[in-house]
Amino acid sequence: MTCRILERLTGIVAAAAVAACATLAPAPSSDMRNALAPGGKLRVGVYAGSPTSMVRGASGEIRGVSIDLGAELAKRLGVAVERVEFPRLADVLDAMKAGKVDFTVTNATPARAKDLDFTPPVLNIELGFLVAPRSPIAAMGEVDRAGVRVGVAQGSTTQTTLPGVLKNAAIVAAPTVKAATEMLAKGELDAFATNKAILFEMSDALSGSRVLDGRWGLEHLAIAIPKGRDAGITYVRTFATEAMAEGLVARAAQRAGLRGSVRAE
C-alpha cells in the first residue's frame with residue numbers, strides 16, 4: 001500500500017515538474033544576449049520623477065517599472081544590470097538612439113518607433129492635468145481658456161500632442177518634471193499636463209495641488225530597445241508577455257506607487 005502511494009506521489013511530482021518546464025521560455029542564445037546587452041551588461045535608461053521610470057522613496061529606496069523590469073530581464077539573460085540616470089525622458093531616448101542605453105519603458109508612439117523597437121504595451125496610463133495650489137480650475141473643461149498657462153515637459157509626447165487638444169490655453173515647456181513642480185509652486189504655471197502616474201507624484205510634492213478627474217488621452221507604455229537589435233527583439237517581446245502574465249508588471253507598478261493606470265490587454 002505504502003509503495004503504491006509513493007509511486008502515485010512520484011508520478012504527481014514528475015508531472016508537475018514537466019508542466020513547469022513547459023511554461024519556461026527558452027534560454028536566450030548568445031546572439032540574443034549580445035544583441036540586447038552589448039559588453040555583458042544591460043544598461044537601463046531612467047529619469048527621476050515618474051513611477052514608470054524612477055522614483056525615490058522617503059528612505060531613499062529607488063523604485064520604478066523600468067528599473068524592476070530591466071533587472072528581471074538582465075537576470076534572465078544572465079548579465080549584469082546598470083542603471084543610467086538622465087534629467088528627463090528626452091535624454092533617455094537620445095541615449096537609446098545613440099546606442100548608449102539598451103532598455104527602458106516608455107510611451108510607444110509611431111514617431112518613436114522610427115528609432116526604437118517596442119514590445120506590445122505593458123501599461124496604459126491616463127493623460128490628465130495637475131492644477132496649481134489655489135487655482136480656480138475645478139474641471140478639465142475649464143483648462144482650455146485664454147490666459148491659462150499649461151506646462152509640458154520639454155521633448156515629451158505631450159508637448160507634441162497637446163496643441164491638438166488645447167486651442168486657447170498657452171502651452172509652456174518646462175525643462176524637467178522637477179522644474180515644472182517649482183513653476184506651479186511659484187505661480188508661473190496654472191496647470192501641468194502629462195500622464196497621471198507623474199501628476200500624482202508631483203501632487204504629493206506640492207501641497208494644495210490637485211489632479212483633475214477625467215482624462216484627455218492614454219499613453220501606451222511598452223519596453224523599448226534601440227533599433228538594430230534584431231537578434232533580440234523576439235526574446236524581449238516574449239519577456240514582456242510573460243512579465244504581464246506572471247504579474248511582474250503589476251508588482252513593479254505597485255512597488256513604485258504608480259497611479260492612473262488602466263490595464264493593458
For Thr104, all residues meeting side chain to side chain donor-acceptor pair (under 3.5 Å), sequence neighbours excluded: none
Qualifying residues under side chain to side chain donor-acceptor pair (under 3.5 Å), relative to Thr194, sequence neighbours excluded: none
For [X] against [Y], the heavy-atom pair lying closest together:
X      : Y      : value
Phe239 : Glu72  : CE1-CG, 3.8 Å
Leu42  : Ala37  : N-CB, 3.9 Å
Pro120 : Ala222 : O-CB, 3.7 Å
Gly49  : Val55  : C-CG1, 4.0 Å
Ala256 : Val65  : CB-N, 4.5 Å
Lys196 : Gly214 : NZ-O, 2.7 Å

Hey, what do you get for [atom1] ([X]) to [atom2] ([Y]), rounding to the nearest 0.5 Å?
X      : Y      : atom1 : atom2 : value
Asn107 : Leu123 : CG    : CG    : 11.5 Å
Phe103 : Ile225 : CZ    : CD1   : 10.0 Å
Asp68  : Leu248 : CG    : CG    : 9.0 Å
Phe118 : His220 : CZ    : NE2   : 12.0 Å
Tyr235 : Leu36  : OH    : CG    : 8.5 Å
Ser66  : Tyr47  : OG    : OH    : 8.0 Å

Throw together a table of side-chain donor-acceptor distances under 3.5 angstrom for residues 127-140, partners on residues two or more places apart or in other chains.
{"unit_1": "Ser135", "atom_1": "OG", "unit_2": "Ile137", "atom_2": "N", "d": "3.1"}

Are [X] and [Y] grouped together when hydrophobic residues (ILVMFWY) are joined by side-chain heavy atoms under 4.5 angstrom apart?
X      : Y      : result
Val177 : Val211 : yes
Leu73  : Met244 : yes
Ile233 : Val122 : yes
Leu221 : Ile198 : no
Leu212 : Leu166 : yes

Residues in side chain to side chain contact (heavy atoms under 4.5 Å, CB included) with Ile171, at least two apart? Val152, Leu162, Pro163
Counterpart residues, side chain to side chain contact (heavy atoms under 4.5 Å, CB included), relative to Thr161 (two or more places apart): Thr157, Trp216
Residue pair Val150, Phe192: steps toward the side-chain contact (heavy atoms from CB on, under 4.5 Å) verdict: CA-CA 5 Å; Val150 180; Phe192 187 77; over 6 Å; no
What verdict does the salt bridge (Lys or Arg N to Asp or Glu O under 4.0 Å) test give for Arg255 and Glu61, after you've listed the backbone C-alpha separation in whole Å, the side-chain angles of each residue and the deciding distance to 0.1 Å? CA-CA 11 Å; Arg255 203 173 83 85; Glu61 181 187 11; 2.7 Å; yes
Side chain of [X], backbone of [Y]: donor and acceptor closer than 3.5 Å?
X      : Y      : answer
Ser53  : Ser50  : no
Thr119 : Ile223 : yes
Ser203 : Leu199 : no

Flag side-chain contact, heavy atom, 4.5 Å: [X] against [Y]:
X      : Y      : answer
Val262 : Ile125 : no
Arg63  : Met54  : no
Val44  : Val101 : no

Applying salt bridge (charged side-chain N to carboxylate O under 4.0 Å, His left out), name anything that partners [X], two or more places apart in sequence or on another chain.
X      : answer
Arg259 : Glu201, Asp204
Asp115 : Lys97
Glu82  : Lys41
Arg251 : none

State whether [X] and [Y] are salt-bridged, where the test is any N-O pair (Lys NZ or Arg NE/NH1/NH2 against Asp/Glu carboxylate O) under 4.0 Å.
X      : Y      : result
Glu242 : Arg76  : yes
Glu85  : Arg43  : no
Glu182 : Lys186 : no

Tell me the salt bridge (charged side-chain N to carboxylate O under 4.0 Å, His left out) pairs involving [range], sequence neighbours left out?
range            : value
residues 208-218 : Glu126-Arg215
residues 223-232 : Asp102-Arg229, Asp117-Lys227
residues 142-167 : Arg149-Asp190

Is there a side-chain contact (heavy atoms from CB on, under 4.5 Å) between Val46 and Phe86 once you walk through the steps? CA-CA 6 Å; Val46 296; Phe86 296 90; over 6 Å; no
Steps toward side-chain contact (heavy atoms from CB on, under 4.5 Å) verdict (Ile62, Arg83): CA-CA 11 Å; Ile62 294 175; Arg83 185 177 72 248; 3.3 Å; yes
Of Thr109, Asn195, Thr52, the one forming a side-chain hydrogen bond (donor to acceptor under 3.5 Å, both in side chains) with Glu219 is Asn195
